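All figures in this text were calculated on a predicted structure; none of them were measured in a lab.
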Amino acid sequence: MWRKMFKFFGAKVIYTVDYDGEVRIRFANKLSYDRWTCYELDKKVVLFKDGSSSGKYIKNWGYL
C-alpha cells in the first residue's frame with residue numbers, strides 16, 4: 001500500500017483485478033486521451049477507459 005503515498009507527489013496510481021480475484025496496486029502512464037499503460041509480468045499492457053485491458057491476466061481496473 002506504499003504506492004498510495006506517491007499520489008501526493010503526482011503519480012498516477014491504479015488498481016487492477018486479476019482473473020483469480022487478486023487486487024493489485026500499480027503505477028500507470030497516460031498513453032492518450034482514453035488509454036493508459038502499466039506493467040503486468042514485465043510486459044506493457046494497454047488499459048482502456050471502459051475498464052478493460054489488452055493483458056491476459058487483468059480482468060478490470062480503476063483509479064485510486
Side-chain angles (χ1 to χ4, degrees):
M1 292 302 198
W2 58 271
R3 293 181 180 164
K4 283 186 181 181
M5 293 187 308
F6 282 92
K7 286 182 70 170
F8 179 73
F9 298 109
K12 302 299 178 195
V13 182
I14 61 166
Y15 71 90
T16 59
V17 180
D18 298 339
Y19 278 102
D20 61 354
E22 188 171 348
V23 177
R24 298 172 191 249
I25 296 176
R26 304 173 192 244
F27 293 119
N29 296 320
K30 192 167 191 169
L31 187 60
S32 69
Y33 171 72
D34 59 345
R35 293 187 292 170
W36 292 76
T37 59
C38 75
Y39 285 95
E40 168 195 22
L41 300 174
D42 298 331
K43 293 183 181 180
K44 190 178 271 190
V45 176
V46 178
L47 305 169
F48 302 105
K49 192 174 183 177
D50 64 350
S52 62
S53 71
S54 66
K56 296 179 183 178
Y57 301 107
I58 296 177
K59 184 176 181 181
N60 56 18
W61 68 278
Y63 301 104
L64 279 181

Heavy-atom closest pair (Phe48 atom, Ser54 atom, distance to 0.1 Å) is CE1-N, 4.0 Å

Would you say Ser53 and Thr16 make side-chain contact, with heavy atoms under 4.5 Å? no

In this structure, CG of Leu47 is separated from CD1 of Ile14 (nearest 0.5 Å) by 4.5 Å

Q. When you measure from the side chain of Asp18 to the backbone N and O of Asp20, does any donor-acceptor pair fall under 3.5 Å?
A. no

Partner of Lys44 under side chain to side chain contact (heavy atoms under 4.5 Å, CB included), chosen from Leu31, Asn29, Thr37
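That would be Thr37.
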
field: Interatomic distance, Tyr15 atom OH to Ile58 atom CD1 [nearest 0.5 angstrom]
entry: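 That separation rounds to 12.0 Å.
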
* Asked: Between Asp42 and Tyr39, what is the shortest heavy-atom contact and its length?
  ->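 Looks like C-CD2, 4.3 Å.
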
Practice problem: Answer whether the closest heavy-atom distance between the side chains of Val17 and Trp61 falls below 4.5 Å. | Solution: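 No - every pair of side-chain heavy atoms lies 4.5 Å or more apart.
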
Between the OH atom in Tyr57 and the CZ atom in Arg24, the distance rounded to the nearest 0.5 Å is 10.5 Å

- prompt: Of all heavy-atom pairs between Tyr33 and Lys49, which one has the smallest distance, and what is that distance?
  reply: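 That would be OH-NZ, 3.4 Å.
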
- Message: If hydrophobic clusters are built from ILVMFWY residues whose side chains come within less than 4.5 Å, do Val23 and Tyr19 share one?
- Response: no

